[in-house]
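Notes for the one structure printed next.
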Amino acid sequence: MLLGFINPAPRFSLITSSTRSIKSFLPHKLVQFFKQCTRSHSHHPSLLVEEEHIISLLHKHPTRNRYIQIHSQLITSGFHRRRPLDETQLIIWNTLIRVYSQAPFPEEAINLYKLIFHEITPSSVSYDSFTFSFLFKACANVQNPIIGSQIHAHIVKFGFEIHVYVQTALVNMYLMCECLNEGIKVFDEMPVRNHVTWNVVITGLTRMGDINLARHIFDDMPGKTIVSWTGIIDGYVRLNRHTEALSLFRQMTLVEGIMPTEITVLTFLTSVWKTGSFDLLQSLHAYSVRTGFISSDIRVTNSFIDTYVKCGSIDYGFELFQEVPRKQKNLITWTTIISGLAMHGKAKEAVNHFQEMENEGLKPNRVTFLSVLNACSHGGLIEQGREFFEKMVNVYQIIPDIKHYGCMIDMFGRVGMLEEAEKMAMEIPTDIINVIIWRTLLGACSYHGNAEMSERAMKKIFELERDYSGDYVLLSNTFSGAGRFDDAETIRNIMDGRNVLKVPGLSLSFTN
DNA sequence: CCGGTAAGTG
């Protein structure tokens with residue numbers, strides 16, 4: 001049976017049960033349409049006009065709620081039972097399927113497909129290539145290749161298997177569901193391909209980490225587009241193969257004369273900073289100003305600010321930050337600069353920018369708080385750090401995660417406020433506590449020579465992770481530093497007894 | 001009056 005294992009119950013009863021309140025949201029003309037629709041059981045000429053109106057509404061009001069409202073009205077008015085389907089109705093259903101196929105509930109598209117189409121015999125007007133393209137998108141988004149392969153069977157049955165758009169969507173679906181063999185098989189057997197088909201394969205393979213096959217197909221591809229180049233460059237970036245990403249980028253721009261888009265820039269900036277290519281950063285920046293990427297896409301601007309900071313130039317980053325008009329700065333813009341200032345030791349300025357951001361009416365989230373707490377920690381701004389932490393919890397009702405705690409403990413620990421640090425560590429819920437916390441405290445104890453607390457921290461570390469050798473060494477050193485050579489000796493013996501290898505160069509700093 | 005592809009901005 002067709003899609004038999006999908007929950008067969010129409011899921012819209014919840015929505016239609018509050019039909020009255022939904023109606024009040026609907027545009028006047030749409031309400032009119034539904035009145036006519038429910039009154040007439042036959043096809044009234046004016047209905048067609050109104051159906052076209054629905055289509056225009058589907059375009060004008062692209063919010064998800066709007067679609068759900070329209071959907072529930074269609075169901076309550078019996079629209080889905082009208083047979084045979086004509087082209088206008090099909091467009092309406094396809095539009096709904098397209099909208100549902102995107103996040104956050106793509107399975108709704110499949111439910112709708114089942115509800116509307118499953119009783120229709122192939123001889124009547126029913127599906128078209130659009131329907132199946134959207135459905136494959138939905139399967140890709142729910143990561144369900146089982147349903148996908150069932151619908152694959154449907155396109156064979158209903159004669160869409162050699163439609164380029166449908167097949168491309170099918171290949172994409174298989175690759176996005178990590179069904180490599182199925183995806184490649186369909187691709188190999190396609191009688192007609194276009195550039196999108198190739199791009200789907202290249203990006204699908206890079207997403208799966210198969211850069212060699214992706215590169216092979218990329219090299220074979222006729223008429224590479226910017227999407228192809230971006231896809232393959234992204235593949236290398238994901239695998240941290242930045243030199244190769246750089247060389248492909250150069251080849252693309254210098255040899256092929258293909259210019260990057262916003263997406264290429266966003267992807268590629270990672271490689272720019274990992275390779276420290278400051279010249280390239282500056283020319284990309286100039287290019288992005290010239291093309292308008294910087295002024296039109298805040299994500300690009302944010303990424304440039306961040307890249308400048310990570311390449312060591314807080315000055316350029318800050319300059320760019322200031323060039324962004326107030327109204328365009330979003331939470332990430334602010335978080336980026338706060339974190340950048342913190343990284344460059346400008347704690348006071350980071351704190352000031354946090355406050356400025358609040359004055360702008362933006363609501364900080366956990367990342368913003370982490371950045372500002374980090375600034376306080378590095379800058380020794382204990383009281384402000386404490387205030388921020390409390391504000392986060394009490395005013396913004398953000399539950400601290402392990403990184404926030406770690407930051408606070410680091411902050412207290414650095415200046416020798418070990419009791420405060422330990423107290424905070426003890427308050428961390430057991431389900432999120434990790435060994436890094438106690439190591440941070442242990443590092444602080446070691447630095448400030450508190451042997452008793454070291455013991456307690458060690459005990460916690462023993463509980464959480466018995467074989468981490470660095471802790472033994474630190475504890476041993478701490479005991480030695482405190483004159484407790486016997487204890488230090490004991491620790492060394494424990495280490496020997498456990499065959500613990502001392503791994504040099506492990507940082508105790510808070511990184512994760 | 002509907003289609004298929006690229007994304008680490010903190």
key: Pairing residues for A:F293 by the ring-ring contact (aromatic ring centres under 6.0 Å, His included) criterion, not counting sequence neighbours   = A:Y287

remark   = Closest of B:dC2, B:dA7, B:dG10 to the A:R299 side chain is B:dA7

key: Check: A:Q102 and A:F134 side chains under 4.5 Å, non-hydrogen atoms   = no

inquiry  = Does a side-chain N or O of A:R98 approach OP1 or OP2 of B:dG3 to a distance below 4.0 Å, or not?
reply    = yes

query = Has the side chain of A:T168 got a donor or acceptor atom sitting under 3.5 Å from an opposite partner on the base of B:dG4?
reply = yes

ask   = Taking the side chain of A:Y165 as heavy atoms from C-beta outward, which of B:dG10, B:dG4, B:dT5 is closest to it?
value = B:dG4

Heavy-atom check, side chain of A:I184 versus side chain of A:V201, under 4.5 Å = yes

request  = Pick base, sugar-phosphate or nothing for A:T368, based on heavy-atom distances below 4.0 Å to the nucleic acid.
outcome  = base

task = Name the closest nucleotide to the A:T203 side chain, picking from B:dA6, B:dG10, B:dG4.
result = B:dA6

query = A:E87 has a side chain; which of B:dA6, B:dG4, B:dC2 sits nearest to it?
reply = B:dC2

task = Give A:T131 one of three labels, base, sugar-phosphate or nothing, depending on what nucleic acid heavy atoms sit under 4.0 Å from its own.
result = nothing

task = Check each residue of residues 264-272 of chain A for a non-hydrogen atom within less than 4.0 Å of any atom in DNA chain B, then write out the ones that pass by number, or none.
result = A:L266, A:T267

Check: B:dG3 base within 3.5 Å donor-acceptor of A:S129 side chain = yes

key: Plane angle bin for A:H163 and A:Y165 - parallel if under 30°, tilted between 30 and 60°, otherwise perpendicular   = perpendicular

message = Given the structure, check if the side chain of A:N365 and the base of B:dG10 hold any donor-acceptor pair shorter than 3.5 Å.
response = yes

request  = Applying salt bridge (charged side-chain N to carboxylate O under 4.0 Å, His left out), name anything that partners A:R326, two or more places apart in sequence or on another chain.
outcome  = A:E356, A:E360

request  = Please evaluate the base of B:dG4 for a donor-acceptor partner in the side chain of A:N194 within a cut-off of under 3.5 Å?
outcome  = yes

task = Mind running a 4.0 Å heavy-atom check of residues 177-191 of chain A against DNA chain B and sending the residues that fall below it, in number order?
result = none

message = Check the orientation of A:Y127 and A:F158. Use parallel for under 30°, tilted for 30 to 60°, and perpendicular for over 60°.
response = parallel

request  = Compare all side-chain heavy atoms of A:I97 with those of A:L135 and state whether any distance is below 4.5 angstrom.
outcome  = yes

ask   = Is there a residue in residues 234-244 of chain A whose heavy atoms reach under 4.0 Å of DNA chain B, and which residues are they?
value = A:D234, A:R238

task = Taking only the side-chain heavy atoms of A:V367 (C-beta and beyond), determine which of B:dG10, B:dC2, B:dA7 contains the nearest atom.
result = B:dG10

task = Please state whether the rings of A:F369 and A:F388 are parallel, tilted or perpendicular, taking 30° and 60° as the class boundaries.
result = perpendicular

query = With a 4.5 Å limit on heavy-atom distance, are the side chains of A:T368 and A:I338 in contact?
reply = yes

inquiry  = For a quick check of understanding: with a heavy-atom distance under 4.0 Å over all strands, which category does A:K329 fall into, base, sugar-phosphate or nothing?
reply    = nothing

task = Ignoring the backbone of A:R207, work out which of B:dG10, B:dA7, B:dC2 is nearest its side chain.
result = B:dA7

query = Would you find a donor on one side and an acceptor on the other, under 3.5 Å apart, between the side chain of A:S303 and the backbone of A:R299?
reply = no

task = Could you list all the side-chain hydrogen bond (donor to acceptor under 3.5 Å, both in side chains) pairs where at least one residue sits in residues 175-193 of chain A, not counting sequence neighbours?
result = A:K185-A:E189

inquiry  = What's the closest nucleotide to the side chain of A:K137 if the choices are B:dT5, B:dC1, B:dA7?
reply    = B:dT5

